[in-house]
Amino acid sequence: MSVEVCTSYDEAVADVADGSTVLVGGFGMAGMPVHLIDALIRQGATDLTVVSNNAGNGDTGLAALLAAKRVRTVICSFPRQADSWVFDGLYRAGDIELEVVPQGNLAERMRAAGAGIGAFYCPTAVGTPLSEGKETREIDGRTYVLEYPIRGDVALIGAHLSDRMGNLVYRKTARNFGPVMATAARTVVAQVDCVVETGEIDPEHVVTPSIYVDRVVPAGAREEVPA
Amino acid sequence: MSVEVCTSYDEAVADVADGSTVLVGGFGMAGMPVHLIDALIRQGATDLTVVSNNAGNGDTGLAALLAAKRVRTVICSFPRQADSWVFDGLYRAGDIELEVVPQGNLAERMRAAGAGIGAFYCPTAVGTPLSEGKETREIDGRTYVLEYPIRGDVALIGAHLSDRMGNLVYRKTARNFGPVMATAARTVVAQVDCVVETGEIDPEHVVTPSIYVDRVVPAGAREEVPA
Amino acid sequence: MTTSQTTSQTTSQTTSSPRTKHEIAAAIAADVAAAFPRGAYANLGIGQPTLVADHLPPGSGVVLHTENGMLNMGPAATGDEVDPDLTNAGKIPVTELPGAAYFHHADSFAMMRGGHLDVCVLGAFQVSATGDLANWHTGAPDAIPAVGGAMDLAIGAKEVWVMMTLLTKDGTPKLVPECTYPLTGLGCVDRVYTDLGTFEITRDGVTVRDVAGTTVEALRDLLGPAVLPG
Amino acid sequence: MTTSQTTSQTTSQTTSSPRTKHEIAAAIAADVAAAFPRGAYANLGIGQPTLVADHLPPGSGVVLHTENGMLNMGPAATGDEVDPDLTNAGKIPVTELPGAAYFHHADSFAMMRGGHLDVCVLGAFQVSATGDLANWHTGAPDAIPAVGGAMDLAIGAKEVWVMMTLLTKDGTPKLVPECTYPLTGLGCVDRVYTDLGTFEITRDGVTVRDVAGTTVEALRDLLGPAVLPG
């Protein structure tokens with residue numbers, strides 16, 4: 001099956017509904033789907049739950065989405081950064097909800113969603129405030145916390161190349177959350193540097209198989225300014 | 001850290017102890033570490049638990065290990081095959097224990113062992129004889145079975161190339177259980193077609209990172225016939 | 001209950017001499033192939049379901065998954081194409097198509113069990129009226145149990161289609177009120193393709209999608225009201 | 001209880017003028033680096049632990065893991081080496097060494113949490129006598145909680161080493177009978193490297209591995225019998 005190759009970023013996120021859970025890839029700027037986030041801001045969907053490692057930096061990208069008051073809840077591992085003033089302000093004003101999740105749990109909970117796992121016992125955060133109120137169990141002499149999947153309605157990720165089927169490869173540490181989020185959302189949209197012909201990516205080197213990818217947008221696609 | 005490059009298959013399995021749990025890669029002949037199994041037979045370790053997809057074919061490899069009465073228990077998804085007469089005979093004579101595990105659980109339980117997951121709720125086998133006596137739980141309206149990790153003392157796998165650090169790549173569907181088993185055992189030994197210089201495998205293409213691999217044996221290594 | 005009385009293209013020509021087992025399987029496989037959504041990601045179980053691949057129309061865009069770690073598997077390998085490192089789940093040498101991808105076993109079953117495949121086609125000993133599947137074990141006391149990926153496939157795909165003859169050799173229906181063989185999966189079958197008709201299994205019960213060389217009434221008589229109520 | 005009285009090479013030269021904060025951190029980092037097993041797979045936490053890399057002897061064979069998806073990370077990138085797609089967990093541009101490997105976040109944390117790293121070096125606000133670690137949150141009511149990978153690192157490596165000054169700016173010990181800050185992990189710390197000495201945390205309690213410019217008796221006085229019994 002061929003992937004949908006979009007000619008504009010806006011087309012790629014046109015159907016994101018209010019109230020959606022949006023998985024947003026990237027770790028710092030590496031792998032961050034900035035053009036898709038900008039298109040999502042233009043698109044106007046609101047009351048979103050955003051799942052991402054951070055909660056926005058500076059005044060662009062996720063921070064701009066937050067500043068536009070489109071996000072009800074952020075689920076992330078590390079909201080507080082030197083330049084997270086947009087999130088900080090909203091949080092202190094009580095205008096945004098926050099679920100802080102250890103980074104490994106964030107990744108593993110999305111993996112569980114993608115893999116059909118109903119829940120899993122995890123050694124992280126035992127005895128800490130982040131496991132308060134959660135079910136625990138001792139297995140083989142070690143204590144574990146029960147963690148549940150995080151599913152997305154949409155995943156917005158950045159990748160290096162896509163072929164026309166939607167097979168993706170990434171570059172270096174820009175890989176980060178992309179492959180996991182691609183398995184965990186109903187609709188997966190990737191901004192990529194380039195779309196190549198099917199057959200140009202060695203089947204041994206595919207990182208995200210085409211089955212997970214719904215739409216790709218190559219660099220240089222249109223950014224439609226709303227009328 | 002450099003991986004130990006062994007000059008004989010026997011050296012690579014010399015320290016497998018009686019009573020060990022041995023994860024054996026391969027699906028059919030693809031990825032099957034035949035030379036390592038032969039060396040394990042020469043080595044003589046006994047009372048083994050073998051975890052593999054099948055329970056031996058014909059009279060060589062795993063079947064020969066079974067015929068030599070070295071295996072107490074087989075944990076596998078598919079013991080019964082047209083040419084599994086060695087296993088069939090031992091099983092019918094009550095000379096071997098069998099745990100049949102759905103193939104996806106076999107893979108996921110080893111992945112859990114490698115990933116530090118204490119147990120997981122899995123949708124496979126609900127309501128079937130293979131989940132009898134196992135804990136179940138309803139999550140979000142679906143029933144799941146609680147499954148526990150499978151850990152190995154040793155993993156014997158087949159791969160295509162290793163570099164001198166122990167980074168591995170595989171060929172086509174010979175990849176199968178190798179990468180998962182490499183994460184799930186204390187000692188990981190890979191028979192490979194070739195050992196290349198460090199740097200010759202593109203870091204983007206590594207499938208099993210070096211951290212998981214203890215020893216590699218390139219094709220053409222010695223087979224030491226015991227005195 | 002929606003009942004389509006149109007007989008299917010390929011199984012309707014049951015006229016004179018009795019068909020061979022292979023002809024019957026091929027006809028069912030053709031029906032399954034004709035019903036595939038364009039571009040579906042699909043897993044064809046070991047055995048008869050693999051025949052479906054031979055009946056996919058050119059340009060169907062169907063992408064085949066094999067649980068031993070590959071997407072976009074091609075046809076069986078012949079001659080020089082045979083590569084011992086490239087097989088399907090039945091361990092038969094196959095080929096790869098452009099746009100293929102390889103992955104390890106845990107990733108492969110995560111893909112399947114996470115519900116990413118559109119369709120999985122399986123053989124069966126029995127299917128119950130509520131979609132229970134029995135296809136891994138006859139329950140014979142001396143049989144050595146072997147499940148492979150059957151239980152994972154049964155619960156993994158968005159749609160599970162079974163293809164089988166409707167009756168055993170001795171004429172007993174295999175679409176039954178309740179399975180008597182050990183189960184592979186509970187309530188997992190969505191559709192059953194047989195030599196005598198195609199059935200949908202819905203929350204409300206079994207409905208006939210089409211019939212082949214018989215009538216809905218005759219199927220009711222065969223299967224009984226517990227399976228096909230009037 | 002094994003107590004080595006030898007002072008460490010690098011922290012023993014505390015003679016005349018007080019050292020800067022950076023000099024102290026560098027000295028602790030050098031102690032940690034000197035203790036690394038040859039060829040260890042290690043994760044150096046964000047902040048001061050990253051200094052350890054600068055002190056690894058040539059040929060140490062230590063392979064650095066960064067939790068954002070890489071093994072065999074090289075030194076910080078400079079000039080043309082800077083690539084926005086290649087950073088460490090602190091989001092600082094880094095380089096790759098021959099034999100590096102990239103993987104995604106779930107695989108990276110599986111590697112960590114599965115206990116495959118030999119050593120993880122972390123900073124800390126407090127470490128308790130039973131190895132509890134507090135390093136993610138001061139507990140201040142207006143602080144925005146942010147954990148990153150701290151809790152995964154705390155429980156993930158075969159050995160968790162903490163590096164910190166032994167005392168806060170106002171002279172309060174950070175190796176304490178029980179942490180007062182919110183915990184990062186329970187009983188997870190194996191060793192504590194400080195400016196005044198190195199401590200092992202064992203099942204039987206805290207022992208002094210070596211001292212730097214002080215004595216075991218003076219450390220006992222500082223930390224009290226609940227931490228360092230006689």
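Since the structure is predicted, the reported quantities are computational estimates derived from the model, not experimental observations.
- Interface residue C/Asp83: only side-chain heavy atoms are found under 4.5 Å from chain B.
- Proximity to chain C is absent for every atom of B/Tyr170, based on heavy atoms less than 4.5 angstrom apart.
- Atom CG of C/Asp80 sits in a sparse spot, with 12 or fewer heavy atoms from other residues, nucleotides or ligands closer than 6.0 Å.
- Between the side chain of B/Asp153 and the main chain of B/Thr21, a donor-acceptor pair closer than 3.5 Å is present.
- Ranked by non-hydrogen atom pairs under 4.5 Å with chain B, the options C/Pro182, C/Gly185, C/Ala106 are led by C/Ala106.
- Options B/Leu130, B/Val101, B/Leu106 differ in how many heavy-atom pairs under 4.5 Å they form with chain C, and the most are formed by B/Leu130.
- Within the 3.5 Å criterion, the main-chain N or O of B/Val196 finds no donor-acceptor partner in the side chain of B/Asp163.
- Heavy-atom distances place both the backbone and the side chain of C/Tyr102 under 4.5 Å from chain B.
- Top candidate by heavy-atom pairs under 4.5 Å with chain C, chosen from B/Pro129, B/Ser84, B/Ala174, B/Pro102, is B/Pro102.
- Put simply, of B/Ala125, B/Cys122, B/Ala107, B/Cys76, the one with the most heavy-atom pairs under 4.5 Å next to chain C is B/Ala107.
- Contact annotation for B/Arg109: neither backbone nor side-chain heavy atoms come within less than 4.5 Å of a heavy atom of chain C.
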Q) Given the rule in the side chain to side chain contact (heavy atoms under 4.5 Å, CB included) test, do C/Thr194 and C/Leu175 qualify, once you have shown the distances and angles that lead to the verdict? A) CA-CA 10 Å; C/Thr194 77; C/Leu175 186 54; over 6 Å; no
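- Among B/Met181, B/Arg92, B/Met110, B/Arg111, the residue making the largest number of heavy-atom pairs under 4.5 Å with chain C is B/Arg92.
- The main-chain N or O of C/Tyr41 is found under 3.5 Å from a side-chain atom of C/Asp118 such that the two form a donor-acceptor pair.
- When each of C/Met73, C/Met70, C/His105 is scored by its heavy-atom pairs under 4.5 Å with chain B, the top score falls to C/His105.
- Remark: the backbone N or O of B/Ile41 is paired with a side-chain donor or acceptor of B/Arg70 at under 3.5 angstrom.
- Between chain B and the residues C/Gly187, C/Ala154, C/Gly149, the most heavy-atom pairs under 4.5 angstrom are made by C/Gly149.
- More than 12 heavy atoms of other residues, nucleotides or ligands lie within 6.0 Å of NZ in B/Lys134, so this atom counts as buried by the packing criterion.
- At a cut-off of 3.5 Å, with distance as the only test, no side-chain donor of B/Glu99 or B/Thr73 sits close to an acceptor on the other residue.
- For C/Pro84, the part lying near chain B is the backbone, with the side chain staying farther off; criterion is any non-hydrogen pair under 4.5 Å.
- Looking only at heavy-atom pairs under 4.5 Å with chain B, the residue among C/Leu183, C/Val147, C/Thr87 that has the most is C/Val147.
- In this structure, chain C has heavy atoms under 4.5 Å from both the backbone and the side chain of B/Asp88.
- Remark: side-chain polar atoms of C/Thr95 are paired, donor with acceptor, to backbone N or O of C/Pro75 under 3.5 angstrom.
- Per-residue counts of heavy-atom pairs under 4.5 Å with chain C were compared for B/Val126, B/Asn105, B/Val207, B/Asn54; the largest is that of B/Asn105.
- Ranked by heavy-atom pairs under 4.5 Å with chain B, the first of C/Gly156, C/Ala89, C/Gly69, C/Ala110 is C/Ala89.
- If you measure heavy-atom distances from B/Phe177 to chain C, the contacts under 4.5 Å come from both the backbone and the side chain.
- In terms of modelled atom types and a separation under 3.5 Å, the side chain of B/Arg80 and the main chain of C/Ile144 share a donor-acceptor contact.
- In summary, the side chains of C/Thr184 and C/Asn135 do present a donor paired with an acceptor at a separation below 3.5 Å, with no hydrogens or angles considered.
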